[in-house]
Amino acid sequence: MISRSKTSPEHVEVRVLRQAAPQQRSYWERFRVAYEPDMNVISVLQRIAARPRTADGQDVTPVAWDCNCLEEVCGACTMVVNGRVRQSCSALVDRLLEENPAEIELRPMTKFPVLRDLMVDRSRLFRALEKVKAWVPVDSYHDMGAGPRQSPEAQQESYPYSQCMSCGCCLDACPQYRKIELIQRDDETDEQFAARQAATYDRNFVGPHAIAQAILFNQNPTGQMNADERVEALTAPGGVQVCGNAQNCVSVCPKEIPLTTAIAQAGRAATVHSIKRWFDR
Amino acid sequence: MAGETNDSWLVRHEFLLRRLHSLSGLIPVGAFMIVHLLTNSSVQNGPGAFQKNVYLIHSLDALLPLVEWVFIFIPIFFHGIFGIVIIAGGLPNTSSYPNASNIRYVLQRVTGVLAFLFIVWHVFHMHGWIHADWWIDGVAKNLGGAQFKPYNAASTAGLALQSFVVIVAYVVGVLACVFHLANGIWTMGITWGAWTSPAAQRRANAVCTVFGVGLAVIGLAALQGMWAQGRGEALEEAIRIEDQQYNAAVQAGILKPNEEKRAQPSEAEPGREASVDQASARSPR
Ligand code: HEM
Ligand code: HEM
Ligand code: SF4
Ligand code: SF4
Ligand code: FES
């Protein structure tokens with residue numbers, strides 16, 4: 001048997017920023033979970049859910065969180081762990097205790113509306129992908145045959161961008177990306193509210209993930225056919241110009257996607273595009 | 001795009017405004033600052049060398065205010081005020097993410113605000129903001145402004161720099177402006193897409209650092225040189241040289257006599273001779 005470090009604690013102290021429902025006040029709660037080897041934050045949350053009692057013995061509702069793949073490919077479990085946004089499924093308790101032996105601090109993401117406890121509504125992130133048309137349109141019932149060939153070099157350049165899992169870490173860490181939380185008005189239908197929400201999202205910063213996806217699809221030989229539309233979206237209000245070059249996005253991205261390269265490439269495309277448009281009209 | 005029609009003018013033209021803000025930082029504002037610091041540092045070659053450069057600038061004569069407004073004041077106002085709008089739209093988070101670029105993001109904003117305060121005060125201190133007699137004589141001078149006299153360039157600038165507080169303000173102001181420009185050129189290269197890959201961004205960063213350190217040295221040399229002309233024997237010598245240059249230029253017919261651009265016009269006789277004692281009798285502030 002591998003002997004674990006002699007200093008393994010008996011308990012793990014966990015502090016969670018909780019919130020019962022959207023718009024409600026948030027509050028801290030402290031839990032104590034029996035230490036087991038190789039725990040991650042999700043298994044800690046599972047122990048809390050199994051026995052939702054605070055460190056000072058109060059029975060409470062179980063802490064709500066989101067997760068799916070448990071191997072850092074879906075992005076659903078993203079939250080702020082010890083002050084840094086990341087996936088909780090790959091946040092190992094042993095590593096976290098090395099950082100701070102006293103406790104583990106869990107907070108929901110800071111830039112998205114909280115639904116409950118550690119669950120947030122990340123729909124703005126997906127709206128941004130729609131805005132920049134982050135797809136290759138396939139608009140035919142007929143078999144069009146194979147697409148154009150791509151050189152290995154071009155594939156190499158595009159591959160990193162294709163790994164984005166829409167987790168939103170880059171957005172949470174970006175100083176230019178500000179939280180937007182709208183409330184449905186009494187006189188508003190669901191459709192009206194959704195439309196107002198989409199319009200508000202569209203006029204605010206799209207974020208580095210969407211800029212990188214626009215570049216990915218502009219590099220694709222078939223996607224290129226809509227390159228101008230994507231650059232147009234990137235120079236619309238809330239486009240690439242909002243970036244302030246803090247480069248936090250690239251430093252927190254769990255997939256190490258070269259976001260600041262994408263931002264500079266988008267800047268270059270925008271420069272060329274606007275000069276061309278100026279002289280073409 | 002949905003909802004575009006009821007967006008404000010500022011939102012609809014966000015891309016253009018951001019790009020104009022970025023451009024105006026380098027051209028003309030950054031370019032002006034480089035030339036300005038180089039010109040000022042010529043005082044290291046003696047008060048005469050600096051005075052010659054000032055005559056060159058002032059040979060624009062009646063065009064000077066126009067050039068000042070179109071190429072200097074209006075662009076600085078635009079860049080500065082829109083810069084404040086940009087600052088208000090961000091949410092610094094260096095305590096959670098203390099990365100080098102993130103710290104520089106904050107420093108770019110801090111030095112922008114410092115540059116704003118410094119330039120507003122500095123232009124008042126030396127230049128006086130507007131050339132109107134009632135303002136310059138009635139208000140600006142009483143508040144310690146408008147101290148620079150272009151036809152006694154080094155001596156009046158030097159005299160204006162003799163207080164410790166003023167010198168500290170200038171050192172902070174110059175260094176803030178220089179950092180802001182050097183770091184701004186680096187971010188500009190990303191904004192416009194000149195350097196895209198991490199390696200290219202690192203190389204550009206090295207170039208911008210060398211540029212910044214160089215410009216900081218030039219700026220501080222200008223400051224030290226100017227300060228040194230404002231005290232003791234150097235001051236008397238500077239005034240002597242400046243008055244000599246003035247009289248020679250007026251006699252040669254290449255300069256219109258203009259007592260307002262000389263030190264202490266109110267006390268000076270029209271067409272006075274070089275008067276060392278009169279000018280040097282002023283006590284340093
Ligand atoms: C080494 C330190 C500096 C010295 C000794 C210095 C000196 C002067 C002087 C003597 C003037 C008056 C010119 C006139 O009235 O004709 C002036 C004007 C001005 N300075 Fe500076 N300056 C310094 C640094 C800076 C910096 C860092 C900036 C930032 C951009 C700046 C911006 C200006 C502006 C905008 C004006 C008014 C423009 C004009 O009068 O044409 N200065 N400066
Ligand atoms: C008057 C006060 C000033 C304020 C409030 C200010 C503010 C700012 C701000 C907030 C930025 C960042 C823009 C962004 O990230 O999108 C910036 C960029 C810049 N500023 Fe200034 N600034 C001022 C003066 C100056 C001066 C005097 C210079 C030149 C010497 C200058 C040159 C630049 C440059 C080159 C950039 C880079 C633009 C880019 O990243 O695209 N600024 N300024
Ligand atoms: S770019 Fe990186 S941090 Fe941003 S959403 Fe994609 S995977 Fe997450
Ligand atoms: S580089 Fe731009 S997008 Fe990335 S974190 Fe900084 S401001 Fe946000
Ligand atoms: S659960 Fe999918 S990334 Fe964590």
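Numbers restart at 1 for each chain; the letters A, B, ... are given by sequence-line order, proteins then strands. These numbers come from a predicted model, not from an experiment.
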Examine the side chains of A:Gln176 and B:Tyr105 and answer whether a donor and an acceptor come within less than 3.5 Å of each other.
-> yes

Side chain, backbone, both or neither of A:Ser274 within contact of chain B (heavy atoms, under 4.5 Å) | side chain

Given A:Ala270, A:Gly244, A:Pro175, the one with more heavy-atom pairs under 4.5 angstrom with chain B than any other is A:Pro175

Could you tell me whether A:Tyr27 atom OH has more than 12 heavy atoms of other residues or ligands within 6.0 Å of it?
-> yes

About how many Å separate CG of B:Asn102 and CG of A:Asn245, when rounded to the nearest 0.5 Å?
-> 11.5 Å

Listed by residue number, which members of residues 168-181 of chain B have a heavy atom under 4.5 Å from any heavy atom of chain A?
-> none

Does atom CD of A:Glu256 have more than 12 heavy-atom neighbours, drawn from other residues, nucleotides or ligands, at distances under 6.0 Å?
-> no

Heavy-atom distance under 4.5 Å to chain B: side chain of A:Val242, backbone, both or neither?
-> both

Heavy-atom distance under 4.5 Å to chain B: side chain of A:Arg178, backbone, both or neither?
-> side chain

Chain A contact via B:Asn99 - side chain, backbone, both or neither, heavy atoms under 4.5 Å | side chain

Residues of residues 70-96 of chain B near chain A, each having a heavy atom less than 4.5 Å away | B:Ala88, B:Gly89, B:Gly90, B:Leu91, B:Pro92, B:Asn93, B:Ser96

Taking every non-hydrogen atom, the tightest pair across B:Gln201 and A:Ala264 | NE2-CB, 4.1 Å

Heavy-atom proximity to chain B below 4.5 Å, by part of A:Val85 | both

With only heavy atoms counted, which part of B:Gln108 is less than 4.5 Å from chain A, the side chain, the backbone, both or neither?
-> neither

Answer yes or no: are there more than 12 heavy-atom neighbours, outside A:Trp278 itself, under 6.0 Å from its atom CH2?
-> no

Which one, A:Ala266, A:Ala262, A:Cys243, A:Ser251, leads in non-hydrogen pairs under 4.5 Å with chain B?
-> A:Ser251

Of all heavy-atom pairs between B:Tyr97 and A:Asn248, which one has the smallest distance, and what is that distance?
-> CB-ND2, 3.9 Å

Is there a side-chain contact between B:Arg104 and A:Gln247, using heavy atoms and a 4.5 Å cut-off?
-> no

Filtered by a 4.5 Å non-hydrogen cutoff, the part of residues 185-200 of chain B contacting chain A is B:Trp186, B:Thr187, B:Ile190, B:Thr191, B:Trp192, B:Gly193, B:Ala194, B:Trp195, B:Thr196, B:Ser197, B:Pro198

Are there residues of residues 16-30 of chain B that reach to under 4.5 Å of chain A by heavy atoms, and which ones?
-> B:Arg18, B:Arg19

Would you find more than 12 non-hydrogen atoms of other residues, nucleotides or ligands less than 6.0 Å from A:Gln156 atom CD?
-> no

